Colleague: 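Please read through the structure below; I'll follow up with questions.
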Amino acid sequence: MTNKPNTYNKSKYIFILFSVLLATMPILACMATLLYNNASFADIWPISSTWNDEAFYYKQTQGIVDYGIPQGYFGYNESRAQQLTFGAWAPVILYPCAVFGKIFGFGFNAPYIFNIIFLSAALLVFGLLSHIKLKEASILYILLFAFFPISRFTLSYMPEIMMIGLVILLYGLFLSSVKKLLPIKDILIYLILTYLVIMRPYLATLFVFPLYLAFKRTGKKKLFYAVACVLIALISLVLYSKINDKFTAPYIGDVYIDYFSKVFTHGPRTVFNEVVQSLDSNMRLMLFRIGKAFNGLDSVGGYYLCFIISSLLVATLGILGFIGKAFKGIASKNKKNNSPVTYDSKAVSPLLYLLVFVAQLSVLLAVLILYNVADGYRHLVVFIVLDIFIMCMDKHISAYVKLPLQAVCAAAFILFFLVKADIPDYKLPVIKNSSPEREQFYSHAKEINEILSLTDEISWDNTVDVLPSSSENLECYYLVPSGFGINLCEESYLESNINNLKSKYIILPADNTLCSKLIDIGYTKEYAAGSDYILLSH
């Protein structure tokens with residue numbers, strides 16, 4: 001009699017061990033990626049990355065850590081936010097890592113460490129919330145490990161890992177709520193969702209989860225929670241709009257098309273034709289890049305194809321869930337009487353999987369209509385990770401049926417992110433710790449730090465216009481001292497506004513003809529970074 005409770009307790013809490021093991025995935029995945037690139041953690045050199053968004057993320061976060069907010073303006077073509085000094089990155093994306101940097105220090109490796117800790121913590125909490133089992137944890141571990149972009153984004157300055165971690169927490173809370181509805185869980189779900197939407201508006205599609213929970217209620221509660229879900233979703237979108245309008249600088253050009261206003265100015269037919277034309281051209285481009293991905297020539301196409309595959313597999317789970325009772329071997333078996341599992345109140349209905357598929361399809365269409373194929377792929381990464389969790393945590397479909405679906409997903413990840421990967425894009429930015437490139441950078445940075453000094457007030461005197469070189473060398477961004485703002489400028493903008501530039505400093509390639517023109521009208525040459533860049537002031 002005395003052994004039964006002990007045995008029960010051991011089996012009851014074994015999920016804690018599996019949760020801890022799951023939390024090691026980001027660490028081991030990053031170690032494997034470093035080994036694949038024949039590098040150590042200290043060898044990562046973000047300055048040699050080809051992703052210029054990373055530089056803006058780092059320099060803005062660095063300005064927050066050192067000064068509260070950057071003392072110069074971030075933007076494009078000398079644009080600036082209505083309030084504060086941030087560029088197109090919303091402040092809410094930057095502050096979590098900035099708080100980490102304020103506590104533990106903020107060097108080149110700080111964002112990587114923050115990403116690893118945040119993702120590991122999210123996986124640990126997910127395992128605890130879902131009472132994860134060994135089989136689920138094992139398959140989840142394998143699929144996440146095989147999805148190479150997780151380790152690549154972890155070892156970058158991009159905010160995708162923070163969003164992925166929050167979505168993992170959201171799904172863990174959702175699964176816990178399906179078993180037992182509690183108001184505190186609803187509050188946490190809405191807080192996470194609101195924060196996600198403030199960061200990226202397309203994540204409002206994830207409100208399908210609390211909406212699903214609303215309809216699990218009975219009586220008047222069902223209507224109350226459904227209305228509350230819709231209202232909070234709308235409030236989140238309004239908050240995003242206000243924050244984006246007040247605290248971020250607009251992109252170069254018109255990235256988003258205001259179709260709603262065009263309905264009144266140009267008429268519905270014009271707007272409809274523009275939507276169809278944009279969708280058609282971007283769809284063709286997406287398919288073209290997917291085709292190139294099969295030849296290992298395009299990494300972007302691999303993202304789109306893996307997103308389509310994972311979304312379709314989730315939809316397949318939903319369809320199989322509905323027809324599982326009719327076909328022997330599809331539905332999971334009840335261990336007590338070997339009969340198909342019924343969809344009781346403590347199980348996720350396959351309907352949710354179909355709703356998630358529709359939500360993800362709408363995001364893909366939004367990317368193709370409102371955005372562009374070349375950059376829009378990053379918005380799909382978080383949904384691929386969500387699909388992985390759904391495929392691993394499904395309770396209704398037999399493991400013998402799910403395993404081939406999971407194998408297809410893993411094979412797609414390995415094929416398009418490792419075997420056929422576009423090496424320049426996926427390879428980590430690595431330079432050995434004692435290399436001449438590093439020594440040269442630190443030498444340039446030290447000298448420029450002695451030339452550029454912040455003024456007492458936030459102003460354009462603390463801002464540097466940067467004209468990148470055609471080689472996409474990002475060193476010029478990182479040479480700018482902490483606290484200074486950076487405006488990425490097109491050559492046409494600098495040339496047309498050469499007599500009316502707001503920023504005190506300009507960095508541009510040494511061989512650019514604008515150098516002599518700017519010097520002729522009174523600019524002073526302050527510094528030459530080797531034969532690559534020249535720093536001018538006025």
Side-chain angles (χ1 to χ4, degrees), residues 52 55-91 94-95 98 101 106 246-252 441-469 474-510 512 514-529 532-538:
N52 63 7
F56 275 73
Y57 178 93
Y58 182 84
K59 297 306 294 185
Q60 288 183 94
T61 308
Q62 185 186 47
I64 295 171
V65 172
D66 292 338
Y67 300 97
I69 62 170
Q71 303 300 287
Y73 300 114
F74 281 86
Y76 304 89
N77 286 341
E78 294 196 318
S79 66
R80 55 155 293 190
Q82 293 182 39
Q83 304 291 331
L84 304 183
T85 58
F86 297 101
W89 295 84
L94 305 167
Y95 272 96
F106 193 76
K246 296 292 183 182
F247 300 108
T248 64
Y251 282 104
I252 291 176
F441 168 80
Y442 286 121
S443 174
H444 291 326
K446 181 180 178 181
E447 294 182 53
I448 288 180
N449 264 274
E450 293 174 355
I451 297 171
L452 272 64
S453 57
L454 292 169
T455 62
D456 294 333
E457 296 181 357
I458 295 171
S459 69
W460 288 101
D461 286 348
N462 298 328
T463 306
V464 181
D465 288 341
V466 175
L467 175 64
S469 69
L474 302 184
E475 181 177 313
C476 55
Y477 298 100
Y478 292 94
L479 286 173
V480 175
S482 175
F484 274 84
I486 299 173
N487 250 263
L488 174 62
C489 293
E490 295 171 313
E491 186 170 354
S492 58
Y493 172 83
L494 293 176
E495 194 157 16
S496 60
N497 295 276
I498 195 168
N499 293 304
N500 301 294
L501 296 174
K502 305 175 208 173
S503 301
K504 182 176 181 179
Y505 301 98
I506 301 176
I507 293 179
L508 64 169
N512 193 282
L514 279 174
C515 286
S516 57
K517 291 181 181 179
L518 288 164
I519 291 172
D520 288 343
I521 63 172
Y523 277 78
T524 303
K525 180 180 175 181
E526 298 285 357
Y527 183 76
D532 296 326
Y533 288 95
I534 289 179
L535 170 66
L536 303 176
S537 70
H538 74 91

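As the structure is a computational prediction, the values presented were derived from the model and not from experiment.
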Colleague: Are Ile448 and Tyr533 packed together at the side-chain level, in the sense that at least one heavy-atom pair is separated by less than 4.5 angstrom?
Modeller: no
Colleague: To the nearest 0.5 Å, how far apart are OH in Tyr76 and CD1 in Ile486?
Modeller: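 One gets 10.0 Å once the value is rounded to the nearest 0.5 Å.
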Colleague: Determine, stepwise, if the pair Ile506 / Leu467 fulfils side chain to side chain contact (heavy atoms under 4.5 Å, CB included).
Modeller: CA-CA 8 Å; Ile506 301 176; Leu467 175 64; 5.9 Å; no
Colleague: Take atom CD of Glu457 as the centre, draw a 6.0 Å sphere, and report whether it contains more than 12 heavy atoms from other residues, nucleotides or ligands.
Modeller: no
Colleague: How far apart are the closest heavy atoms of Pro481 and Leu452, and which atoms are they?
Modeller: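 Smallest interatomic distance, heavy atoms only, reads CD-CD2, 3.8 Å.
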Colleague: Residues in ring-ring contact (aromatic ring centres under 6.0 Å, His included) with Tyr57, at least two apart?
Modeller: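 If we apply the ring-ring contact (aromatic ring centres under 6.0 Å, His included) test to Tyr57, skipping adjacent residues, the hits are Trp89.
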Colleague: Checking Thr85 against Tyr67 for the side chain to side chain contact (heavy atoms under 4.5 Å, CB included) test, could you report, in this order, the C-alpha distance in whole Å, the side-chain angles of both residues, the deciding distance, and whether it holds?
Modeller: CA-CA 12 Å; Thr85 58; Tyr67 300 97; over 6 Å; no
Colleague: Can you confirm whether more than 12 heavy atoms, excluding those of Asn499, are under 6.0 Å from its CG atom?
Modeller: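 It does: Asn499 CG has more than 12 such atoms within range.
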Colleague: Enter the distance from Ser482:OG to Leu454:CG here, rounded to the nearest 0.5 Å.
Modeller: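 Between atom OG of Ser482 and atom CG of Leu454 there are 7.5 Å.
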Colleague: Do you know the tightest heavy-atom contact between Pro250 and Ser79?
Modeller: O-OG, 3.4 Å
Colleague: Could you tell me the separation between the OG atom of Ser516 and the CD1 atom of Ile534, rounded to the nearest 0.5 Å?
Modeller: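 Answer rounded to 0.5 Å: 9.5 Å.
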Colleague: As a test of understanding, state which of Phe484, Phe441, Phe56, Tyr58 forms a ring pair (Phe, Tyr, Trp, His ring centres under 6.0 Å) with Tyr477.
Modeller: Phe56
Colleague: Determine whether more than 12 heavy atoms belonging to other residues, nucleotides or ligands lie under 6.0 Å from atom NZ of Lys525.
Modeller: no
Colleague: Looking only at heavy atoms, which two atoms of Tyr73 and Asn487 are closest? And how far apart?
Modeller: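 In this case the closest contact between Tyr73 and Asn487 is O-ND2, 3.1 Å.
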Colleague: Looking at Cys515 and Leu508, what are the two nearest heavy atoms and their distance?
Modeller: SG-CG, 3.7 Å
Colleague: Can you list everything that forms a ring-ring contact (aromatic ring centres under 6.0 Å, His included) with Tyr493? Sequence neighbours excluded, please.
Modeller: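 Per chain and number, Tyr493 pairs via ring-ring contact (aromatic ring centres under 6.0 Å, His included) with no residue.
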Colleague: Mind jotting down which residue pairs meet the salt bridge (Lys or Arg N to Asp or Glu O under 4.0 Å) criterion with at least one end in residues 66-80? Sequence neighbours excluded, please.
Modeller: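 Residue pairs with at least one partner in residues 66-80: there are none.
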Colleague: Walk me through it: do Leu535 and Leu479 pass the test side chain to side chain contact (heavy atoms under 4.5 Å, CB included)?
Modeller: CA-CA 10 Å; Leu535 170 66; Leu479 286 173; over 6 Å; no
Colleague: Ser496: what forms a side-chain hydrogen bond (donor to acceptor under 3.5 Å, both in side chains) with it, not counting sequence neighbours?
Modeller: none
Colleague: For the OG atom of Ser459 and the NZ atom of Lys502, what is their distance to the nearest 0.5 Å?
Modeller: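 Ser459 atom OG to Lys502 atom NZ measures 13.0 Å (nearest 0.5 Å).
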Colleague: Holding to side chain to side chain contact (heavy atoms under 4.5 Å, CB included), I want the full list of residues that pass it with Thr524, two or more places apart in sequence or in another chain.
Modeller: Glu526, Ser537
Colleague: For Cys489, does its backbone N or O pair with a side-chain atom of Asn77 as donor and acceptor, under 3.5 Å?
Modeller: no
Colleague: State which residues pass side-chain hydrogen bond (donor to acceptor under 3.5 Å, both in side chains) with Gln60; sequence neighbours excluded, sorted by chain then number.
Modeller: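 For Gln60 there are no side-chain hydrogen bond (donor to acceptor under 3.5 Å, both in side chains) partners, ignoring immediate neighbours.
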Colleague: Tell me every residue that passes side chain to side chain contact (heavy atoms under 4.5 Å, CB included) with Tyr95, counting only those two or more places apart in sequence or in another chain.
Modeller: Ile64, Ile69, Phe86, Pro91
Colleague: Rounded at 0.5 Å granularity, tell me how far OG1 in Thr463 sits from CD1 in Ile458.
Modeller: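 Output value for this atom pair is 10.0 Å.
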Colleague: Tell me, please, which residues at least two apart from Phe74 pass ring-ring contact (aromatic ring centres under 6.0 Å, His included).
Modeller: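 With sequence neighbours excluded, Phe74 shows a ring-ring contact (aromatic ring centres under 6.0 Å, His included) to no residue whatsoever.
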Colleague: Measure from the side-chain N and O atoms of Asn462 to the backbone N and O of Thr455, and report whether any donor-acceptor pair falls under 3.5 Å.
Modeller: yes
Colleague: Is a side-chain donor or acceptor of His444 paired with a backbone partner of Ala528 at a separation under 3.5 angstrom?
Modeller: no
Colleague: Sequence neighbours left out, what passes side-chain hydrogen bond (donor to acceptor under 3.5 Å, both in side chains) with Asp461? Give chain and number order.
Modeller: none
Colleague: Could you pull out all residues at least two apart from Lys517 that satisfy salt bridge (Lys or Arg N to Asp or Glu O under 4.0 Å)?
Modeller: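 Salt bridge (Lys or Arg N to Asp or Glu O under 4.0 Å) list for Lys517, sorted by chain: Glu495.
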Colleague: So, taking the atom named CG in Leu494 and the one named CG in Asn512, what distance separates them when rounded to the nearest 0.5 Å?
Modeller: 8.5 Å
Colleague: Looking at residues at least two apart in the chain, or sitting in another chain, which of them share a side chain to side chain contact (heavy atoms under 4.5 Å, CB included) with Glu450?
Modeller: Lys446
Colleague: Looking at residues at least two apart in the chain, or sitting in another chain, which of them share a side-chain hydrogen bond (donor to acceptor under 3.5 Å, both in side chains) with Thr248?
Modeller: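 side-chain hydrogen bond (donor to acceptor under 3.5 Å, both in side chains) list for Thr248, sorted by chain: Asn244.
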